[in-house]
Trainee: 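Here it is, the structure, as structure tokens.
Every heavy atom of this structure was used, including side-chain atoms; hydrogens, water molecules and symmetry mates were not. Model, not experiment: these values are computed from the prediction.
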Amino acid sequence: MKVRYLLAIMFLFLLAACGEEAAPAERNGDTQQEVSVSFRNLDIQVEDTSFVLTGEVNAKENIFYYAVKQGKNELISEESIEVAKEGASWTGFEITGQLPEEAVESKDAPIITMYGKTADGEEINPNYIPIDIGIK
């Protein structure tokens, strides 16, 4: 009978030791960035070398960035777009642009890249949208 009590007590100690929460692990000084940007309801209209991209953005900061590249060539350098609402609200946006005539002659499709930036200037959450310009 005493053996049962002894086993029960040991079992309780074992359960109690397993149930203790461990201290949170150190992250080597890393801090998680509080920046994010998301896009939805994207629609692109293309006529010849002109394009209009519309959609909605949800940015913790009130700004996001975009650039247009074709292969390694930058067709439209980085530009920023400020949105009216900050935080958890989805806000509509529109990007219009004109591609150079040489873009039609390339075998690669032009790509719009939309993204946010950290405080250090690093791109985060990139989204890639191809522009179908009737490549030959």
Trainee: Hey, does Asp43 have a side-chain heavy atom less than 4.5 Å from the side chain of Leu53?
Mentor: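 Of all side-chain heavy-atom pairs linking Asp43 with Leu53, none is under 4.5 Å.
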
Trainee: Out of curiosity, Ile124 CD1 to Lys60 NZ, how far, rounded to the nearest 0.5 Å?
Mentor: 10.0 Å

Trainee: Quick one: list whatever passes salt bridge (Lys or Arg N to Asp or Glu O under 4.0 Å) with Glu123, sequence neighbours left out.
Mentor: none

Trainee: Asn125 side chain to Val37 main-chain N or O, any donor-acceptor pair under 3.5 Å?
Mentor: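 Side chain of Asn125 to backbone of Val37, a donor-acceptor pair under 3.5 Å: yes, one is there.
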
Trainee: Which residues satisfy the salt bridge (Lys or Arg N to Asp or Glu O under 4.0 Å) test with Glu78, sequence neighbours excluded?
Mentor: Lys117

Trainee: Check whether any side-chain heavy atom of Ile112 lies under 4.5 Å from a side-chain heavy atom of Ile44, and answer yes or no.
Mentor: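 Yes, at least one pair of side-chain atoms sits under 4.5 Å.
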
Trainee: Please give me the minimum heavy-atom distance between Leu75 and Pro110, naming the atom from each residue.
Mentor: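 Between these two residues, the closest heavy atoms are CD1-CB, 4.0 Å.
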
Trainee: Any side-chain heavy atom of Thr49 sitting closer than 4.5 Å to one from Val104?
Mentor: yes

Trainee: Main chain of Asp108, side chain of Gln70: is a donor-acceptor contact present, judged purely on distance under 3.5 Å?
Mentor: yes

Trainee: If I take atom OG from residue Ser50 and atom CD1 from residue Ile131, how far apart are they, to the nearest 0.5 angstrom?
Mentor: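 It comes to 10.5 Å.
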
Trainee: Would Phe64 and Asn127 count as a side-chain contact (heavy atoms from CB on, under 4.5 Å) if you check the C-alpha gap in whole Å, the side-chain angles of each, and the deciding distance to 0.1 Å?
Mentor: CA-CA 11 Å; Phe64 72 95; Asn127 289 262; over 6 Å; no

Trainee: Could you tell me which non-hydrogen atom of Ser77 sits nearest to which non-hydrogen atom of Ala67, and how far apart they are?
Mentor: C-CB, 4.3 Å

Trainee: Could you please spell out the steps behind the side-chain contact (heavy atoms from CB on, under 4.5 Å) verdict for Thr96 and Phe51?
Mentor: CA-CA 6 Å; Thr96 59; Phe51 68 90; over 6 Å; no

Trainee: If you measure from CZ on Phe93 to CD on Glu56, what distance do you get to the nearest 0.5 Å?
Mentor: 9.0 Å

Trainee: Run the side chain to side chain contact (heavy atoms under 4.5 Å, CB included) test against Ser80 and tell me which residues pass, sequence neighbours left out.
Mentor: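 By the side chain to side chain contact (heavy atoms under 4.5 Å, CB included) rule, Ser80 matches Ile63, Tyr65.
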
Trainee: Could you tell me the separation between the CD atom of Glu94 and the OG1 atom of Thr54, rounded to the nearest 0.5 Å?
Mentor: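 One finds 7.0 Å between CD of Glu94 and OG1 of Thr54.
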
Trainee: If you take all heavy atoms of Ile129 and Met114, which pair is closest and at what distance?
Mentor: CD1-CE, 3.5 Å

Trainee: Using the side-chain contact (heavy atoms from CB on, under 4.5 Å) rule, take Tyr66 and Thr113 through it: C-alpha gap first, then chi angles, then the decisive distance, then the call.
Mentor: CA-CA 5 Å; Tyr66 77 94; Thr113 306; over 6 Å; no

Trainee: Please tell me whether Val83 and Tyr115 are part of a single hydrophobic cluster in this structure, the criterion being side-chain heavy atoms less than 4.5 Å apart.
Mentor: no

Trainee: Go through it in stages, so that I can follow the logic: the residues are Ile111 and Val68, the test is side-chain contact (heavy atoms from CB on, under 4.5 Å), and I'd like the CA-CA distance, side-chain angles, deciding distance and then a yes or no.
Mentor: CA-CA 5 Å; Ile111 305 287; Val68 180; over 6 Å; no

